[in-house]
Amino acid sequence: MGEERRHFRRYKKHSEFKLSIKGKSFKAETVDYSLTGIGAIVEDSPPIKEGDIIDLNIAAPIVKTNGKVVWIKRTNSGLKIGVDIEQLKGNLGDYEFADTLTGLQRTIKTGILEVVSGAIVKKIYIKNGDMIFAASNQDEDRLGDVLLKEGKITQEQYNQSVDEIKKTKQRQGTILVRLGHLKPQELIRAVIHQVEEIIISLFGLEHGSFEFKEAPLPTDETITLKLGAADLIYRGIKRSNMVAQMESNLPPMDSILCFSADPMKLFQHITLDEKGKIILSYVDGKAAINNIIAASNLDKSEALKTIYALLNTGIIDVLEERAGEETVQEVSADEVIEKPEAKMD
């Protein structure tokens, strides 16, 4: 698969399904999958060659599309194939949301990532891989409601702005500035906060679907942000209560943690809380997860959530065993921790 295909994490999963080519069906089983590819073993001797287009109907992960065979390898178990798929969509239960955001960031694509969970519809606007805006159909996510909840405006000012929206069709933020209830810089900070809260809230959704549609973005947004994926991933996971997902995806407790060897992952913009700084201070390429938790003196569940969040940002990783090699960690926590601010175009 091409370099771009490797931007998205591959998940190990064995799931039986039917594969169709030229009107014939064959039993197959997934080996692994990502948002852009499927690895599978096909039984019997199917007439498949590189470049063929095949139909996939897989229940877990949910994949109902066609794909292009990009490599073939014959094994004792059957024909092993790699298939490229052109869909950037799936169920939240099949993919970690952090992986989707990180993958899109590294592909430098432009378009809209839409997440649907029941009646909830939220969108993240992405330009060249950067998250620049977000929108939601939920009342509590509206700018005025966020400002009112946090005491930045009064109920009277809120009602006045709503009346003006009906008359002028202007955005609520613009109206609040025009009426003197907000200063321009306060509006910018409020929009940044609103957008971040919409994105962070997505990490708490256990059920639903998502789809990324690559296309030019609408040009009617007056404020364009550049938000760091690592920062929002860290905060989103720390705030969520998805304990079952965390426990099933954490590596074994005796796994040794190290800083990522990939500079693009290592030096991402992120603002850590004190718990994150404490955990990072014990990451040295020698200490295992259980040792780090014990040394940190943090509550175990909070320490595990912090480690899980850091792993999802990609800043730290699990050290793979290398026979006959001594691994030397070349960076320290102080070199990694930054205090970024969202930038505007």
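FYI, side chains are in, hydrogens and waters are out, and symmetry mates aren't considered; it's all heavy atoms of this structure. The chain is numbered in sequence order, starting from 1.
- In the hydrophobic cluster analysis, where Ile, Leu, Val, Met, Phe, Trp and Tyr join through side-chain heavy atoms closer than 4.5 angstrom, L92 is grouped apart from I198.
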### Task
Please report the C-alpha distance between D145 and Y158 in whole Å, then the side-chain angles of each, then the deciding distance to 0.1 Å, and finally whether the side chain to side chain donor-acceptor pair (under 3.5 Å) criterion is met.
CA-CA 8 Å; D145 290 75; Y158 176 89; 3.1 Å; yes
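- At a threshold of 4.5 Å between non-hydrogen side-chain atoms, the residues L148 and Q155 count as touching.
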### Task
With salt bridge (charged side-chain N to carboxylate O under 4.0 Å, His left out) as the test, would you mind laying out the steps for K277 and D273 before giving the verdict?
CA-CA 6 Å; K277 293 176 183 178; D273 55 9; over 6 Å; no
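- A donor-acceptor pair shorter than 3.5 Å can be found between the side chains of S201 and K122.
- A 6.0 Å sphere centred on CD of E156 holds no more than 12 heavy atoms belonging to other residues, nucleotides or ligands.
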### Task
Show your reasoning for whether side-chain contact (heavy atoms from CB on, under 4.5 Å) applies to E197 and V146.
CA-CA 9 Å; E197 287 298 305; V146 172; 5.7 Å; no
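- Side-chain contact between K127 and L217 is present, with heavy atoms from C-beta onward closer than 4.5 Å.
- Remark: E206 pairs with M242 by the side-chain contact (heavy atoms from CB on, under 4.5 Å) rule, at least two apart or across chains.
- Checked by atom type and distance alone, the side chain of N312 never pairs as donor or acceptor with a backbone atom of A309 at under 3.5 Å.
- Atom CD1 of I237 and atom CZ of R239 lie 13.0 Å apart (nearest 0.5 Å).
- With D299 contributing its side chain and S301 its backbone, the two residues share a donor-acceptor pair below 3.5 Å.
- In terms of heavy-atom proximity, S296 sits nearest to A303 at OG-CB, 4.4 Å.
- One finds the CE atom of M131 at 15.0 Å from the OH atom of Y125 (value rounded to the nearest 0.5 Å).
- Note on V318 and Y282: same hydrophobic cluster, where clusters join Ile, Leu, Val, Met, Phe, Trp and Tyr whose side-chain heavy atoms are under 4.5 Å apart, directly or indirectly.
- I316 and I292 fall within the same hydrophobic cluster, defined by Ile, Leu, Val, Met, Phe, Trp and Tyr side-chain heavy atoms under 4.5 Å apart, directly or through other members.
- A 4.5 Å side-chain heavy-atom check between I54 and V83 finds at least one atom pair inside the cut-off.
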### Task
Please test D262 against R106 for salt bridge (charged side-chain N to carboxylate O under 4.0 Å, His left out), starting from the C-alpha separation and ending with a verdict.
CA-CA 12 Å; D262 183 347; R106 298 195 69 177; 3.1 Å; yes
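- Between the side chain of Q268 and the main chain of T313, a donor-acceptor pair closer than 3.5 Å is present.
- Taken from CD in E96 to CG in L311, the straight-line distance is 9.5 Å, to the nearest 0.5 Å.
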### Query
Stepwise, does the salt bridge (charged side-chain N to carboxylate O under 4.0 Å, His left out) test hold for D84 with K68?
CA-CA 5 Å; D84 271 1; K68 181 180 180 181; over 6 Å; no
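- Under the 4.5 Å side-chain heavy-atom criterion for Ile, Leu, Val, Met, Phe, Trp and Tyr, L143 and V177 are members of the same hydrophobic cluster.
- In this structure, F97 has its ring center no closer than 6.0 Å to that of F210.
- A donor-acceptor pair under 3.5 Å is formed between the side chain of K305 and the backbone N or O of S240.
- For the pair S25/L19, no side-chain contact is recorded, criterion being any heavy-atom separation below 4.5 Å from C-beta on.
- Ring centroids of Y33 and Y95 are separated by less than 6.0 Å, placing the two rings close together.
- Proximity of a side-chain donor or acceptor of S161 to a complementary backbone N or O of L176 within less than 3.5 Å is not detected.
- With hydrogens and angles ignored, the 3.5 Å screen pairs a side-chain donor or acceptor of D94 with a backbone N or O of I62.
- Residues T100 and K89 form no side-chain contact, since every pair of their non-hydrogen atoms from C-beta on lies 4.5 Å or further apart.
- For the pair D254/I289, no side-chain contact is recorded, criterion being any heavy-atom separation below 4.5 Å from C-beta on.
- Inter-residue side-chain proximity for Y11 and D99 is flagged as met; some heavy-atom pair is nearer than 4.5 Å.
- Looking at Q160, its side chain never comes within 3.5 Å of a backbone N or O of Q157 through a donor-acceptor pair.
- In this structure, T107 OG1 and F8 CZ are separated by 5.0 Å, a value rounded to the nearest 0.5 Å.
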#### Entry: Step-by-step salt bridge (charged side-chain N to carboxylate O under 4.0 Å, His left out) determination, K238 to E302
CA-CA 8 Å; K238 289 296 297 286; E302 188 61 32; 3.4 Å; yes
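- For K152, the NZ atom is loosely surrounded, since the number of other residues' heavy atoms within 6.0 Å does not exceed 12.
- Ion pairing between a basic and an acidic side chain is recognised when a charged N comes within 4.0 Å of a carboxylate O; K49 and D52 show such pairing.
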### Message
Could you walk me through whether I112 and I126 satisfy the side-chain contact (heavy atoms from CB on, under 4.5 Å) test, starting with their C-alpha distance in whole Å, then the side-chain angles of each, then the deciding distance to 0.1 Å, before giving a yes or no?
### Response
CA-CA 6 Å; I112 298 175; I126 297 173; over 6 Å; no
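- Within a 6.0 Å radius of CD in E16, other residues, nucleotides and ligands contribute 12 heavy atoms or fewer.
- I270 and I278 end up in the same hydrophobic cluster when Ile, Leu, Val, Met, Phe, Trp and Tyr side chains are linked at under 4.5 Å.
- Using modelled atom types, no side-chain atom of S20 and backbone atom of D55 make a donor-acceptor pair closer than 3.5 Å.
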#### Entry: Derivation of the side chain to side chain donor-acceptor pair (under 3.5 Å) call for Q170 and R178
CA-CA 11 Å; Q170 288 182 315; R178 177 167 58 80; 3.3 Å; yes
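- Of all non-hydrogen atoms in A119 and N137, the two that sit nearest each other are O-ND2, 2.9 Å.
- Between the CD atom in E214 and the CG atom in L113 there is a gap of 12.5 Å [rounded to 0.5 Å].
- Within 6.0 Å of CD1 on I108 lie no more than 12 heavy atoms contributed by other residues, nucleotides or ligands.
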### Task
In sequence, state the C-alpha distance, the side-chain angles, and the governing distance for I165 and K169, and then conclude on side-chain contact (heavy atoms from CB on, under 4.5 Å).
CA-CA 5 Å; I165 290 173; K169 307 300 182 184; 5.9 Å; no
### Message
L147 vs Q172, test: side-chain contact (heavy atoms from CB on, under 4.5 Å). Steps then yes/no.
### Response
CA-CA 11 Å; L147 291 168; Q172 194 168 22; over 6 Å; no
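- Of the possible donor and acceptor atoms, one in the side chain of T168 sits under 3.5 Å from a partner among the backbone N and O of E164.
- Put simply, OG1 on T30 and CD1 on I41 are 9.5 Å apart, with the number rounded to the nearest 0.5 Å.
- The backbone N or O of G93 lies less than 3.5 Å from no partner atom in the side chain of N91, so there is not a single donor-acceptor pair.
- Inter-residue side-chain proximity for I72 and K80 is flagged as unmet; no heavy-atom pair is nearer than 4.5 Å.
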